[in-house]
Structure formats: C-alpha cells, structure tokens
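One structure is given below, encoded as structure tokens.
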Amino acid sequence: MIETVIYIFLAIGVFFNGLGSFGLIRFPDVYTRLHASTKCTTFGSIFTSLGVIIYGVYYWHTESTSYGVLAIHAFIALLALVITNPTGAHAIARAAHKSGVYPKRAVVDKLKEKGDLSD
Amino acid sequence: MMSKIVRTITNILYSSILIFGFYVIMHGHLTPGGGFQGGAVVASGIALVLIAYGYDTIKNWIKKSNLSILESIGAVSFIGVAFLGIGTTFFYNFLANSGSLFGNPTVIGINPGDLNTAGALPLMSWAVGLKVLAGLGSIVLLMAYGIKKGDGE
Amino acid sequence: MKNYIAFGALLVVSGFFLLSAINMHSFGSPSEEDMDRYFIENAQEEASTNNVVTSIVFDYRGFDTLGEATVLFTAVVGVSLLFRRLIK
Amino acid sequence: MIGNLPFVACAVLIILGVYTLIFKRNLIKIVIGLNLVECGVNLFLITLGYKSDSIAPIYTMAGKEEMVLPTPQALTLTSIVIGLATTALILSFAILIYKHYKTIDASKVRRLRG
Amino acid sequence: MKSALITAVAAFVLYLILTVGTGNILLWSSAEIIAGVLLSIAAGIFGRKLLFKNEDYRMLNPVRWLYFIAYLGPFLFAMAKANIDVAYRVITGRINPGIVKISPNLKTDLGITMLGNSITLTPGTLSVDIDEKANDLYIHWINVKHKEPEIEEICNGFPKWIRRIAE
Amino acid sequence: MIETFFIVAIFLLIFMIFGVIRIVLGPTVPDRVVGLDTINTLVIAAMIILGAAYDEVIYVDVAIVYALLSFVGTLYIAKYLEGDLE
Amino acid sequence: MIEEIIQIVVLLIIIVTAIMAVSFKDLLAAVISLAATSLLLSLEFYILQAPDVAIAEAGIGAALTTAIFILAIKGTVREEEI
C-alpha cells in the first residue's frame, strides 16, 4: 500500500522534472525557459523528495529512528530548495532584462517602456 | 545592492547558513563534516551577504580586522592544542577516553554516536573552522575591496 | 614552429596519461594497505571518533593540516598585501 | 562493464588543463585550466580509494562491513582548500596586472616589462 | 539586543530540528542541548543585524503562522495548476508573452517578497523586476490577455492572504 | 524499493543532459545561467534520492549544503550581468 | 550494474562541461561551465562514497570559486582576445 503511494509520487516527480528539462530545450527565449525550468523542476523535486520523506516516516515506525532523521533532513533540504529557487529565477530574469535581452514575440513590455528603474 | 526580494531572502537565509555551518563543524566527528567544510559554508554565507548588499553597506557590519583576529585565534589555538599533548607526542589526543570534556569513550562497532566523545578533535576542528572561515571570508572581502578601489585610479 | 613542438609534447604526455589510466588496477578493487586497515579498525578505540576521515585529518596526520593552515595564512597575507598597494 | 573509465576521465581532465596552460594566452583562462587540473587530481585521489560495495568510512547505523579507504579522502580535503587559496592569489595577481598594463594577455605582458 | 535574542531562539529551533533523535528519552541528549545553546548565541550575535533589520517584530505573532500554514493549501493547488498549464504549453508550444505591471499595495518587505516568490511559482507568471519605492511588480506573463490586467487575474487572491500574514 | 530510487536517479541524470545542451547551445549568457540553475535543482533532487537509495542517513547533509549555497553562484553571475558589481 | 550507469552518465557530463570551459571565448560562459563541472564533480564524489569531500567541494566549488572568478572578471576584461 505505502509502496504504491511512493511509486506514484516518484513517477509524478520524474514526469514534471522531465517536462521542465524538455521545456528548457523547446522554448524560444530566456523568460519562457525560466518558466519551464523553475516551475516544473521545483514541483518535480518537491514530489521526489516527498517520496523519500514518506519512505522515511513509514520506516521510522517499523524499523529504526535513523529513518526519521532521513525524513527530517530531506525536509530541510526541500525547504531550502523551495526558498532559494524562485529567488534565483527572479535574479536571473532581472539581470537578463537589465543586460538587454528582451522577450521575443512580446505583445507588451511595460518595463522597457518605463526605462531604467532607479534603485 | 540587489533587489528587495533577494535582500529579504538573504536576511532569512543568513542565520540559517550560520547555524548550519556551526552544526557541520560541531558534528565533525560523528557525521560528514569538520573544520574545513563548516568554515567553507560560513564563508559562503559572508559571500552571500556581500553580493546582496554591496561592499559599502557591509563594511560596517563585518570588519576585516575582526576577521584577521579570528584567524589568528584559530591558528594559535590549533597549535596550542597540538602542543598540549607534547607529553607523549606532538598532536597527541590527550583528552580522548579521559572522562572530562569530550572524554566519553565510544562504543566500539556500529553506533549512532554521542556528541561528548573524541577528545581533542572537536577543539582542533573548531580551531581549523575559525581559521578557514576567517581566511576565505577575508579573501572574498579583500577581492571585492580591491576591485572597488581600482576603479578610481 | 614552437607551437608544433608544444603540441607534440602534449601528445606524448597525454599518451602517457591515458596509458597509465588504462593500466591502473581495476576500478573498485584497490590494493589492500595495512595503514588504511589500521586506521579503520583502531580509530574508534584510540581517538574515540565515529568519523575515520576526521580522525585522520586532525589526529593521525595532523602535520598535514598544519601545513595547510600555513598555506592558507600565506595566501590571505598575499592577497591582503597585493591590494594594500592600491590605496596608497 | 565500466572498466577503468573513472581513471580515463581523470586523465582527460588533466590533459585538458595542461592543454589550456600551454596554448591559451589569457591569464584567467590559464587559471581555469589550473582549476581543471586540480579537479582531475582530486577525482583521481578519490577514485584510487574506492572499493566497490562498501560504505563511507563513518560508523553509522547501517550494517555493511567494508569501508572505502579513508586516507585519500583526508588528503583531498586539504587539497581543495589549498586550491581555492592559490586560485585567489593568482587571480589577485591578474587583477593587479590588468591595472598596471591594461591587458591580461600573457605574451603582451612579457613584452612590456616595466 | 532584542533582535539578537530572537535570532538566537530561531537558530536554536533549527539546531534542535537538525539534531533530533540523538538522545533516548527526550529525543535530545544533554550535550547536544548545551552545544546548541552556545552555538545559537554565537549565531544570534553574528546575525543580529540582518534577520530583524527593520526592528519589525510582527511575525512573532502565532496567529500569523497559522494563517501561513492555511495559505499553503491554496498555494499548492495553484502550483499544481501552474504546472499543468506549463505542461500544456511545453507540448503545444503556444505562447503569447509580455511584461505587465501590477500594484498589489503591500507595504512590508516580507509581504512583497512572499508575493513575488509565490507568483514565480504559480500559473504562467514570473516576477522580473520590482519598484523599490511603490512596491510595484513587473511580471512576465506567458499568456497576455489584457495589457492592463487586474490583480485577481494574475495572483489568484494571494494578496489578501499575504495581507493577513505579513501586515 | 531501493532499485526504484536508483532508477529515478538515472532519470534525473538523463534530464541533466538537457541542461548541459542548453549550456552548450545557449545564444546569450542568461540562457546558460538558466541551464546551470536547472542542473542545480536536479542535482539536489538526485542527492536526496541517492541518500535514501544508499540507506545512509548522513549523506543528506550534502544536499542541504548544496540547496543553501548553490544559489550564491547564480546571484554572483546575475549581479555581474546587471552591470553594477562593486 | 545500475550504479555503473549513473557513474558513466556523470563522468560524461563532467568531460563535456570541462571541454566547454576550455573552448568558450566568452570568459563568463567559461566560468559557468566550470561551475557546472565542479557541481557534477561533487555528485561524483557523493557516488564514490566520500560525503566529506562532497561537502567541501559543494561549499567551495559552488559558491566561493564562482564568486572569486566573477570578481576577477569584473576587475579585468570579459572577452578573451584573439
């Protein structure tokens, strides 16, 4: 029973990770690639890590406490990942726009119209 | 000075990086880690603050002279702990299995570990950790400083 | 001309590297060393650590770490002296 | 099946580094080559001590008996920190050379001399 | 002083989470707790100038934490929707991108940060830049419907939640 | 169970190749940074999975270090691209 | 068997990124490739059962080496001449 749940979680994670990596190849410019890579790989990594966490929590009861430590440390790694990943994406997007890479086929670009933001 | 989102995340992450680096140094004799690794982690935290706030803001918070004092403390205490065991040999682990500070004997074989073991090793680990922390941190700060000064010439 | 000589030397050296890489002992089965076995068996008893690598770095081979500390100190002093000239 | 592929990878990394050291003129590129040599040497040391079907030399709850050889890992640990320190020193020299000569091309720097 | 103390307490909690399972009875051995206290005080002293830089202690209220936990529900739902949306666009390659501006009227730094990261992880939007004074966000939208969008169209009601959490 | 973890790790490693292709091809530098960022995330996920697969609790610490620090390198490159690194 | 496939893929990516680090004319791109190399080198250490070295390589290779190289490129020039 619990193994089926873990398999499903791992499968979802692998599917979204693959989708993100594939979107990295397929999309035309930096911003859309960031969409694919940030959202999909973060979501997929959350699910693969959740598989590990469920594995750890389940065997915490049946076998030994070290599996519980595995679950907790995996959870902290997941938390750090979720905090840092969108921030890195924001930094890259901002740097790309400032260094003169504008979105391709854009309908509207309010940031370019406004000019340089003073910070 | 990077954007506001990056700065707020830096504020949250910096203390986490500090306590995690200290954890890595402290548990060097039980889990993977030790002086080098923990020092590198904390130095990366200093690099993070440097990039998020810029050199001008950070120079009031983290003084280079404090870092060099810290490095000297690390070097002196490392050699000092090494000399303390000179009754037998240089670098003799005089505290192990003695029952005092860090002096509990380890159970031989497979075990989860007890923090209060390993004798002089945690002390040396802390000395090397301080040294690596201060050394690598001041290298990054000095290079940022040198680039900034060089533009005016 | 000089480039050709350098390229030939690089070819010879890389040939030696690759040959020795192929003729190393097969991957995953190192020759048994007495020293390593001693460290693994006795580190828990003598230094009372669980992590054998740390016991080697700080206890059995502490002199290596001392040399490393010296190199790190020298590098920091070197960088510091180099950029000190810029202020003047 | 895998054969001696990790050792070959170390050799390829070191050869790439040496190639960069010989043929490239840019100082920062030279430092990148030096870093690659360092990577290759570290990987070689770790690969040398690897024993198949064994665990890291740390006594934990896991039950296997065999451990990989610990001495190469301890040596690699010092090597990594030293590598960063020397890299920083060389890069500082590169920055100073650029301030002085306005170029970081090694051959041009040699010709200017002073 | 106060900020150092609170940073130290936060660091101590993180340390306890990291070292759980080391003791037998209370889950932590006494040596771990002593070491944790000392190290947390050190971390509090070194990190005091960052975590509570603005002397803003409103996040200490436990009610806000409950709101935060409740916020995770709609957030994860929106995130799953985002991924199915991106999956559709990856497979068909149908995009209509552009950069638009919204003004969510959030005042605190933490609030605008949470909003920025949330909308980076949710449907078809990516925060590109931020106006530091007015707290306006510039957003790359993968499927532009209007050039002057409503806030609701982009952020799925996140600003209401964040106003409860962080303001 | 253990074999499943290894298979998932192999899939993650194969997805890393897409990131490497983006690093090699990417017309501009921001494209390459996006590839690096993707590889970062995948490596962290692979480390967590492999830690469970080797049945060793302590290995996951490496994943925590990576998740906390991999973002610093990205920030440095982004700040250089913004053009006001000081 | 299955671990050997993992090692082959990781070593392949390491060699490709190292070649890219040597051959890019743009030094910033070369530094990005070097960062990817050290990232995967850390994963290789992890697979070779050396978590100590993996942590050291993670902290130093991921953050500090990239930082120092970027600072040096800022202090000099970005493009490699010739």
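Remember, predicted model here, so these are calculated numbers, not experimental data.
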Largest heavy-atom contact set with chain G, pairs under 4.5 Å, which of D61(F), I17(F), L69(F), V29(F):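 The option with the most such pairs is V29(F).
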
Chain G interface, residue from L75(F), I58(F), L68(F), N40(F) that has the most non-hydrogen pairs under 4.5 Å: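 Ranked by contacts with chain G, first place is N40(F).
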
To the nearest 0.5 Å, tell me how far [X] [atom1] sits from [Y] [atom2].
| X | Y | atom1 | atom2 | answer |
| --- | --- | --- | --- | --- |
| L36(F) | I32(G) | CG | CD1 | 6.5 Å |
| L50(F) | I47(G) | CG | CD1 | 6.0 Å |
| I5(G) | L13(F) | CD1 | CG | 10.5 Å |

Which atom pairs, donor and acceptor, lie under 3.5 Å between side-chain atoms of residues 57-71 of chain G and protein residues at least two apart or in another chain?
{"residue": "T65(G)", "atom": "OG1", "partner": "I60(G)", "partner atom": "O", "Å": "2.9"}
{"residue": "T66(G)", "atom": "OG1", "partner": "A62(G)", "partner atom": "O", "Å": "3.1"}

Heavy-atom contact with chain G under 4.5 Å, split by part of V65(F):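 Looking at V65(F), just its side chain touches chain G.
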
Chi angles and distances behind the side chain to side chain contact (heavy atoms under 4.5 Å, CB included) call for L40(G), M16(F): CA-CA 10 Å; L40(G) 287 152; M16(F) 268 173 226; 3.7 Å; yes

Heavy atoms from other residues, nucleotides or ligands near CZ of F11(F) exceed 12 (cutoff 6.0 Å):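 Not more than 12 within 6.0 Å, no.
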
Shortest non-hydrogen contact from Y80(F) toward K74(G):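 What the structure gives for the nearest pair is CE1-CA, 3.9 Å.
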
Residues forming a side chain to side chain contact (heavy atoms under 4.5 Å, CB included) with S33(G), sequence neighbours excluded: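 Residues passing side chain to side chain contact (heavy atoms under 4.5 Å, CB included) with S33(G): I23(F), M20(G), A21(G), F24(G).
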
Between D52(G), L43(G), T17(G), the one whose heavy-atom pairs under 4.5 Å with chain F are most numerous: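 Maximum pair count with chain F is reached by L43(G).
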
Options L28(G), V9(G), D26(G), V31(G), ranked by heavy-atom pairs under 4.5 Å with chain F, top entry: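 Result: the option with the highest number of such pairs is L28(G).
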
Under 3.5 Å donor-acceptor, Y46(G) side chain and V62(F) backbone: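 Answer holds: no.
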
